[in-house]
Engineer: 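Quick one: the structure is below, and I'll ask about it shortly.
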Amino acid sequence: MAILKIHEKDNVAVAIDKINKGEITTLGSASITTLDQIDKGHKIALADIKQGENVIKYGFPIGHATTDIKSGEWVHSYNIKTNLSKISSYEYNPHLSNTEIIETDHTFKGYIREDGGVGVRNEIWIIPTVSCVNKNASIIAQSASKKFADVENVEGIYEYTHPYGCSQLGQDHLNTQTILANLVNHPNAGGVLVLGLGCENNNIEEFKKVLGPYNTDRVKFLVAQEVEDEIQAGVELIGELVEYASRYERKDCPVSELVVGLKCGGSDGFSGITANPLVGSFSDKLISYGGSTILTEVPEMFGAETILMNRAINRKVFNETVKLINDFKEYFMGYNQPIYENPSPGNKKGGITTLEEKSLGCTQKGGTSDVVDVLHYGDMVKKKGLSILNGPGNDMVASTVLAAAGCQVILFTTGRGTPLGTAVPTVKISTNSDLYNRKSNWMDFDAGRLLSGETMEKLTDELMDYVLDIASGAKNKAEEMGFREIAIFKNGVTL
């Protein structure tokens with residue numbers, strides 16, 4: 001199979017392998033002579049496309065031809081341009097799936113917290129209130145990890161540093177506080193040390209106002225300026241948290257307790273053919289079991305947003321989705337930036353040409369389930385089912401906001417490869433088998449097998465089993481390599 005036509009309406013196909021100029025490739029009973037060299041993942045015209053005519057992939061326009069394109073010609077940035085405009089008006093035309101919840105015996109072994117939350121890790125986290133104590137947090141984590149390495153049931157001690165917590169105003173300051181507070185409350189943390197400096201905007205007393213009620217056994221606070229040796233004091237407090245967290249043991253939990261984040265990065269021409277549809281199939285199955293998934297990366301919905309809008313469970317959710325999309329467009333316009341400044345160079349090298357094309361692939365991670373809720377940046381998940389979360393496409397910022405929304409695991413699809421890991425297990429799913437085999441130290445699951453005959457049903461079941469193994473304590477590649485970072489969205493001034 002040299003080329004793949006995704007939808008019957010498409011006037012382009014995707015090269016499964018590199019095609020040399022002059023090669024004859026077949027699609028059904030048709031034969032096409034390739035007029036250019038076409039790398040794998042890139043598009044070939046299946047028919048003549050006139051200048052100004054839409055280029056169709058996935059059954060939807062992904063842009064228009066900027067010149068006449070001949071059958072067999074390479075279709076990419078030099079002859080196609082986005083159709084995207086600025087602020088848009090939308091009509092609600094609901095196409096709901098009305099997913100039925102089915103009984104299942106799928107379970108995972110998680111940690112049931114006193115507040116009813118369920119974690120898939122029992123770790124100790126150190127959360128700095130301000131960047132000034134980032135290094136102190138790292139030293140405390142290293143020292144405590146050595147001292148308490150053999151404590152049963154505690155799965156590691158980790159710090160989550162960031163560049164903020166002071167010299168911020170307004171919404172930026174609140175964003176920092178909210179994301180950090182959500183991480184403090186995350187069920188994957190069996191215990192948390194909040195480490196402050198003492199003179200920062202986000203000092204501990206101010207931070208507590210955003211944090212709200214907390215368990216004094218599970219959350220400890222330390223102001224570095226108020227003790228003689230903050231490293232020693234921090235390690236002592238970690239000892240108390242370790243003692244508390246060690247009481248927890250893994251127990252059988254229903255799969256309906258899982259909240260899984262959906263993310264892509266370093267996409268390629270196969271992302272919308274293999275990994276993203278696979279994650280969408282997983283999402284639908286988890287939701288049918290009563291679980292929850294969260295889709296973010298709002299700018300990577302542009303051009304495919306109506307698909308999600310028409311799956312809104314009601315008009316209220318539809319209106320919130322419209323506002324989400326247009327507010328993000330206004331954010332771009334407020335800085336005099338084009339809303340279609342995407343895909344990235346790596347995306348283009350992998351075969352993606354326009355933002356519509358990227359978005360039509362990206363949104364497939366949300367499957368076909370109804371959209372039950374729209375979450376603001378920093379909101380926690382509130383409803384079972386598929387929610388849309390306000391966040392940018394940036395890999396680390398988006399992964400962090402998914403974790404802060406309550407995701408215990410994130411599924412991250414990629415066609416270019418990335419070692420990224422955040423505060424919760426981040427499962428890397430390759431769009432092609434070459435990447436999976438070449439970067440075996442990064443990649444966890446190979447969706448490229450869909451191109452070699454594996455069925456979507458079989459791989460969906462495999463991915464479900466794999467996620468349940470991760471939720472039950474198995475480590476993924478990013479965890480094994482120690483890749484754990486967070487990043488917080490910033491918009492305003494720095495003092």
Side-chain angles (χ1 to χ4, degrees), residues 1-83 266-277 303 340 342-362 414-417 430-439 446-453:
M1 180 173 62
I3 61 174
L4 174 65
K5 182 179 179 180
I6 300 169
H7 191 279
E8 60 182 12
K9 295 181 181 180
D10 292 354
N11 54 14
V12 295
V14 177
I16 302 302
D17 294 297
K18 179 180 176 181
I19 307 174
N20 294 317
K21 181 179 179 179
E23 278 191 37
I24 297 176
T25 184
T26 60
L27 187 68
S29 59
S31 295
I32 301 169
T33 300
T34 308
L35 302 182
D36 307 287
Q37 176 181 298
I38 301 176
D39 289 336
K40 68 177 182 178
H42 284 250
K43 296 174 289 297
I44 181 174
L46 296 176
D48 292 347
I49 304 172
K50 297 293 186 183
Q51 182 178 1
E53 186 179 345
N54 279 333
V55 177
I56 308 297
K57 183 181 178 186
Y58 302 113
F60 292 91
I62 61 169
H64 62 272
T66 56
T67 185
D68 289 346
I69 301 173
K70 295 180 180 179
S71 176
E73 190 175 341
W74 178 36
V75 180
H76 203 39
S77 303
Y78 74 102
N79 57 11
I80 177 176
K81 186 176 181 180
T82 179
N83 289 332
S267 301
D268 70 352
F270 298 122
S271 293
I273 299 171
T274 59
N276 289 350
Y340 50 82
N342 210 330
S344 69
N347 295 155
K348 292 179 180 179
K349 189 173 181 181
I352 297 175
T353 307
T354 65
L355 183 50
E356 297 101 304
E357 181 181 8
K358 186 174 183 179
S359 296
L360 286 163
C362 173
T414 178
R416 307 294 296 172
S430 67
T431 70
N432 60 86
S433 297
D434 174 67
L435 172 63
Y436 180 80
N437 294 324
R438 182 168 46 85
K439 296 301 296 183
D446 179 16
R449 289 180 287 160
L450 287 167
L451 297 174
S452 57

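As the structure is a computational prediction, the values presented were derived from the model and not from experiment.
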Engineer: Rounded to the nearest 0.5 Å, how far apart are CG of Leu355 and CD1 of Ile62?
Structural biologist: 11.5 Å
Engineer: Can you sort out the partners of Ser433 under side-chain hydrogen bond (donor to acceptor under 3.5 Å, both in side chains), two or more places apart, ordered by chain and number?
Structural biologist: Asp446
Engineer: Checking Ile32 against Leu46 for the side-chain contact (heavy atoms from CB on, under 4.5 Å) test, could you report, in this order, the C-alpha distance in whole Å, the side-chain angles of both residues, the deciding distance, and whether it holds?
Structural biologist: CA-CA 7 Å; Ile32 301 169; Leu46 296 176; 3.5 Å; yes
Engineer: Under the ring-ring contact (aromatic ring centres under 6.0 Å, His included) rule, what pairs show up with a residue in residues 15-37, not counting sequence neighbours?
Structural biologist: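 Not a single pair qualifies under ring-ring contact (aromatic ring centres under 6.0 Å, His included).
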Engineer: How many angstroms lie between atom CD1 of Ile19 and atom CD1 of Ile44, to the nearest 0.5 angstrom?
Structural biologist: 5.0 Å
Engineer: For Asn11, which residues count as a side-chain contact (heavy atoms from CB on, under 4.5 Å) partner, sequence neighbours excluded?
Structural biologist: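 Scan of Asn11 (side-chain contact (heavy atoms from CB on, under 4.5 Å), adjacent residues dropped) gives Ile49, Glu53, Val55, Ile56.
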Engineer: For Asp39, enumerate each residue passing the side-chain contact (heavy atoms from CB on, under 4.5 Å) test, keeping only those at least two apart in sequence or located in another chain.
Structural biologist: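 With neighbours one apart ignored, the set is Lys18, Gln37, His42.
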Engineer: What pairs with Thr67 under side-chain contact (heavy atoms from CB on, under 4.5 Å), at least two apart in sequence or on another chain?
Structural biologist: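 Thr67 satisfies side-chain contact (heavy atoms from CB on, under 4.5 Å) with Asn79 once adjacent residues are dropped.
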Engineer: Mind checking side-chain contact (heavy atoms from CB on, under 4.5 Å) for Asp48 and listing every partner two or more places apart, or none if nothing turns up?
Structural biologist: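 With neighbours one apart ignored, the set is Lys70, Ser71.
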Engineer: Would you give the length of the straight line joining atom OG1 of Thr274 to atom CG of Leu450, rounded to the nearest 0.5 angstrom?
Structural biologist: 6.0 Å
Engineer: Mind checking the CD1-CD1 spacing from Ile273 to Ile16? Nearest 0.5 Å is all I need.
Structural biologist: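 Atom-to-atom, Ile273:CD1 and Ile16:CD1 are 5.5 Å apart.
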Engineer: So, Asn347 side chain and Ile352 main chain: donor-acceptor pair closer than 3.5 Å or not?
Structural biologist: no
Engineer: Report yes if the side chains of Thr34 and Lys21 come closer than 4.5 Å at any heavy-atom pair, otherwise no.
Structural biologist: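 Thr34 vs Lys21: side chains apart.
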Engineer: Which residue pairs pass the ring-ring contact (aromatic ring centres under 6.0 Å, His included) test when at least one of the two sits in residues 7-41, sequence neighbours left out?
Structural biologist: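 Non-adjacent pairs meeting ring-ring contact (aromatic ring centres under 6.0 Å, His included): zero.
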Engineer: Nearest 0.5 Å, please: how far is CZ in Phe270 from CG in Leu435?
Structural biologist: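 Going from CG on Leu435 over to CZ on Phe270, the span is 11.5 Å.
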Engineer: Going by side-chain hydrogen bond (donor to acceptor under 3.5 Å, both in side chains), name the residues that satisfy it together with Asp268, two or more places apart in sequence or in a different chain.
Structural biologist: Ser271, Thr431, Asn432
Engineer: Just jot down the side-chain hydrogen bond (donor to acceptor under 3.5 Å, both in side chains) partners of Asn437, sequence neighbours excluded, or say none.
Structural biologist: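 For Asn437, no residue satisfies side-chain hydrogen bond (donor to acceptor under 3.5 Å, both in side chains) once neighbours in sequence are set aside.
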Engineer: Does some side-chain heavy atom of Glu73 sit less than 4.5 Å from a side-chain heavy atom of Asp36?
Structural biologist: yes
Engineer: If the condition is salt bridge (Lys or Arg N to Asp or Glu O under 4.0 Å), which residues does Arg449 pass it with, not counting sequence neighbours?
Structural biologist: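 For Arg449, the residues satisfying salt bridge (Lys or Arg N to Asp or Glu O under 4.0 Å) (neighbours in sequence not counted) are Glu462.
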Engineer: Side chains of Thr353 and Lys43: do they bring a donor and an acceptor to under 3.5 Å?
Structural biologist: yes
Engineer: Shortest non-hydrogen contact from Ala45 to Val12?
Structural biologist: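 Closest approach of Ala45 to Val12: CA-CG1, 4.3 Å.
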Engineer: side-chain hydrogen bond (donor to acceptor under 3.5 Å, both in side chains) with Lys57: which residues, sequence neighbours excluded?
Structural biologist: Glu357
Engineer: Quick one: ring-ring contact (aromatic ring centres under 6.0 Å, His included) pairs with a partner in residues 10-35, sequence neighbours left out?
Structural biologist: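 ring-ring contact (aromatic ring centres under 6.0 Å, His included) check on residues 10-35 returns no pairs.
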Engineer: Let me confirm one number: the CD1-CH2 distance from Ile38 to Trp74, rounded to the nearest 0.5 Å.
Structural biologist: 9.0 Å
